Number of protein chains: 4
Amino acid sequence: MVDFAAGEPNGALGAALAEFAVHGYHGTTVRRIAKRAGLSAAGLYHHYQSKQDMLVAVMNRGLDDLTVQLESEVEHVGTDPVDRLVRIVEVLALFHTQRTKEAFVAWTEVRSLEPANRGRVVAKRDRIQRLADAAVEDGVASGAFLNEFPRDSSRFIASMCVSIVQWYKPDGPLSPSEVAERLVVSALRLAGYAPDSGAV
Amino acid sequence: MVDFAAGEPNGALGAALAEFAVHGYHGTTVRRIAKRAGLSAAGLYHHYQSKQDMLVAVMNRGLDDLTVQLESEVEHVGTDPVDRLVRIVEVLALFHTQRTKEAFVAWTEVRSLEPANRGRVVAKRDRIQRLADAAVEDGVASGAFLNEFPRDSSRFIASMCVSIVQWYKPDGPLSPSEVAERLVVSALRLAGYAPDSGAV
Amino acid sequence: MVDFAAGEPNGALGAALAEFAVHGYHGTTVRRIAKRAGLSAAGLYHHYQSKQDMLVAVMNRGLDDLTVQLESEVEHVGTDPVDRLVRIVEVLALFHTQRTKEAFVAWTEVRSLEPANRGRVVAKRDRIQRLADAAVEDGVASGAFLNEFPRDSSRFIASMCVSIVQWYKPDGPLSPSEVAERLVVSALRLAGYAPDSGAV
Amino acid sequence: MVDFAAGEPNGALGAALAEFAVHGYHGTTVRRIAKRAGLSAAGLYHHYQSKQDMLVAVMNRGLDDLTVQLESEVEHVGTDPVDRLVRIVEVLALFHTQRTKEAFVAWTEVRSLEPANRGRVVAKRDRIQRLADAAVEDGVASGAFLNEFPRDSSRFIASMCVSIVQWYKPDGPLSPSEVAERLVVSALRLAGYAPDSGAV
DNA sequence: TATGAATGAGCCTTCATTCAT
DNA sequence: TATGAATGAAGGCTCATTCAT
């Protein structure tokens, strides 16, 4: 099973991430990042050109890890749309439970990106959304899903996964894989999954 | 049918809301709020004691409008949990499509509230969540919903409604009531609604 | 007789001028300007948008005062090139002795101007130089000046006037008008002034 | 004839000079000097103790070259004040056309020297000025120059030479020796040179 | 009510310089 | 010699807020 936890950034970038996640980009101070990183403010600028640069690095790192994993899974899972949706939701859930801060920042601070950077990040996010869209649409086409508005459903599914970052606590009652399981079940229901036997 | 649109704040508070929604609390400048409101920065302080005060006012206004409507609907709809969930999701969807900015700010900028204010706002948010929780739980108890993890489902349902603010555009293809309709269907599926005939 | 002294800037601009004159633009601190002006650093930004803006204001003010005076004198003095050169040198000398700091900054800190601002200032400087050029050239044409390289001579003359700022001290042995007198004599010699009787 | 051009500094000092000449001392960054020199910023500090040290080195080098040449010429030219003034102006003109950047920095950045260093540099500059003063004064005493204010004239003459750095371009219409020739003529006029035959 | 002027605190960033390697 | 990493101090500028008018 996928383990995203190991990919969390350390050092200066980890410090930036932690601060961005708690206070938001504009509420975060370079000095506080530096302090958390055990560096002087000036020292940070050896590694990153600007505060904005740190935000970009945080986002790219997170989104790239997620995208790589997601596309690799989709490639290996075969062509069945149901299997594909299951894998996608699983990976999304694991990422959002194990890399909560990065996911939160990536979905929350896009508005704080300068235009040039924003474009690239939004493109990455869209690419992920389109994987879910395709799985649901294919499932509807194949008859695996009964669904009158597949485009909305896949958006709702992705939203549900993303929303994990709003409530999930690592020391809460559910492990990442338990969360993933429940989201998979929920996503299939949302998609209109109708196996021979009836309801899920 | 409920019409939330009329309740949007005007004047200084509307200006604050507009800025908060686009730039976030910390990314918003008192001077920009003032400019948008057609006032001097100093002039704003005759209406609100501080920038924080404006945030609190924005949030209270939005959450109160929503809560009042929600509780009034719940009270009038009767005791059937299915009806109740339908009404709740409907109201949530209408609010999030018609008062997108307020909803966005209320769910996004809680972290920017000073502790004293935060408590009160979180309590209001929780109260709303609990309405959804209760509806799903009651439905499971009554056998209307087949659901192994009702608490998670009601959270997913609320998340879906809240996520509206991330993608809904007033000039997009769907009207608020169309969005509401689709969300109601999706919520019932998520809750595990199982009418006699089988699937929804 | 022209009195430039009254035109010296006061207040914030005077403070900026004083600091620029002593430490140069890049060696000057906004905080020091503010202190000298009896304001906070932030307060300065009510009157000028930036440090660069203060430099531009200083230069424009000085060069405009000088240009206005110069062109008005030239207009009133008649067409005789000798008279014209005399008036020009006189005005230049008076300006450079009475507004030494402004002249110094205007001729020294052009390199510190951002390109857009630089163009305008250089144009003003050139316009002044061209007045001297014309006077000498006309004098050569009329036979009043015997001179094989008028263009260089007029440049030398202007340089001499500008150089005043490098050595003139208000509390030194020479008054502004004495300086002006000596410069006029020197300029006529440089120009190759040859009255009937011979040397000047 | 004197050739100053060969004496221009290379390497790190040349880089410092180039930057100082364009941006001024305070506008120049150690890192930019290093970059131009093909070194790291830290590497520069193996050659010079500080940025100030580089400024001092630049100035001393230039002023020493000029002084040495000037005094050697004066020594060889004999006692005639006219010849002496001619040689002085010639050397000054050649130096300022061939070592423009150094001359510019030496006359412009004295204010950026720390007090201890400033004294020594000013002394060197004064020594040069005094050579010109003496030549004019001696000429007046000998009757070669007719001049009512010799001290001012010698200052004007030196100023004219120094001002070369403000307008001279190596790829312009005049060669260094042509500039020197015109300055010599001008200086003699300024000094009040009156050969038997009349005008110069 | 409204505002122009003002400010202390703090922002992001850059500076000249040092030092372990 | 050379440098990448680091830093204390300071830089220009903006912030939310106040107050006399």
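Every chain is numbered from 1 and lettered A, B, ... according to where its sequence line falls, protein lines coming before strand lines. All values reported here derive from a predicted model rather than from experimental measurement.
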Rounded off to whole Å, could you give me the CD-to-P distance for the D/Q49 and E/dC19 pair?
14 Å
Contacts of type side chain to side chain contact (heavy atoms under 4.5 Å, CB included), residue A/A5, not counting sequence neighbours
A/D3, A/Q98
Can you list the residues that meet the salt bridge (charged side-chain N to carboxylate O under 4.0 Å, His left out) rule with D/D64, with sequence neighbours excluded?
D/K124
Could you run through DNA chain F and flag its stems, i.e. three or more consecutive Watson-Crick or G-U pairs with both distances under 3.5 Å?
E:2-21 with F:2-21
Minimum-distance nucleotide to A/H46 side chain [options: E/dT7, E/dT3, F/dA6]
F/dA6
Could you go over nucleotides 9-11 of chain E and give all protein N or O partners under 3.5 Å, atom names and distances?
unit_1	atom_1	unit_2	atom_2	d
E/dG10	O6	C/R31	NH2	3.1
E/dC11	OP1	A/T29	OG1	2.9

Salt bridge (charged side-chain N to carboxylate O under 4.0 Å, His left out) partners of D/R31, counting only residues at least two apart:
none
D/Q166 meets the side chain to side chain donor-acceptor pair (under 3.5 Å) criterion, sequence neighbours left out, with none
List in chain and number order the residues that pass side chain to side chain donor-acceptor pair (under 3.5 Å) with D/E114, two or more places apart in sequence or in another chain; answer none if no residue qualifies.
none
Rounded distance in Å - NZ (C/K35) to C1' (E/dA6):
18 Å
Below 4.0 angstrom from OP1 or OP2 of E/dA6, is there any side-chain N or O of C/H47?
yes
Near DNA chain F, under 4.0 Å by heavy atom, which residues of residues 12-27 of chain A?
none
Those residues at least two apart in sequence (or on a different chain) that pass side chain to side chain donor-acceptor pair (under 3.5 Å) with C/E102 are C/R99
Identify each donor-acceptor pair in which a side-chain atom of residues 9-16 of chain B lies under 3.5 Å from a protein atom, sequence neighbours left out, and give them as a table.
none

The criterion is ring-ring contact (aromatic ring centres under 6.0 Å, His included); which residues satisfy it with C/F4, sequence neighbours excluded?
C/F95
Distance under 6.0 Å and angle within 45° of ring axis: B/K101 vs B/F20:
no
Nearest whole Å is fine: how far is F/dG12 C1' from C/Y48 OH?
17 Å
Expressed in angstrom and rounded to an integer, what is the separation of A/I33 atom CD1 from F/dT7 atom C1'?
17 Å
State, to 0.1 Å, how close C/I33 and C/M54 come at their nearest heavy-atom pair, and which atoms those are.
CD1-SD, 4.0 Å
D/Q52 or B/L39: which one's nearest nucleotide on DNA chain E is closer to the 5' end?
B/L39
Please pick, from F/dT17, E/dT3, F/dT7, the nucleotide with the shortest atom-to-atom distance to any side-chain atom of B/Y45.
F/dT17
With sequence neighbours left out, what residues match C/H23 under side chain to side chain contact (heavy atoms under 4.5 Å, CB included)?
C/E19, C/T28, C/R32
From CG of B/L44 over to P of E/dG4, roughly how many Å is that when rounded to an integer?
13 Å
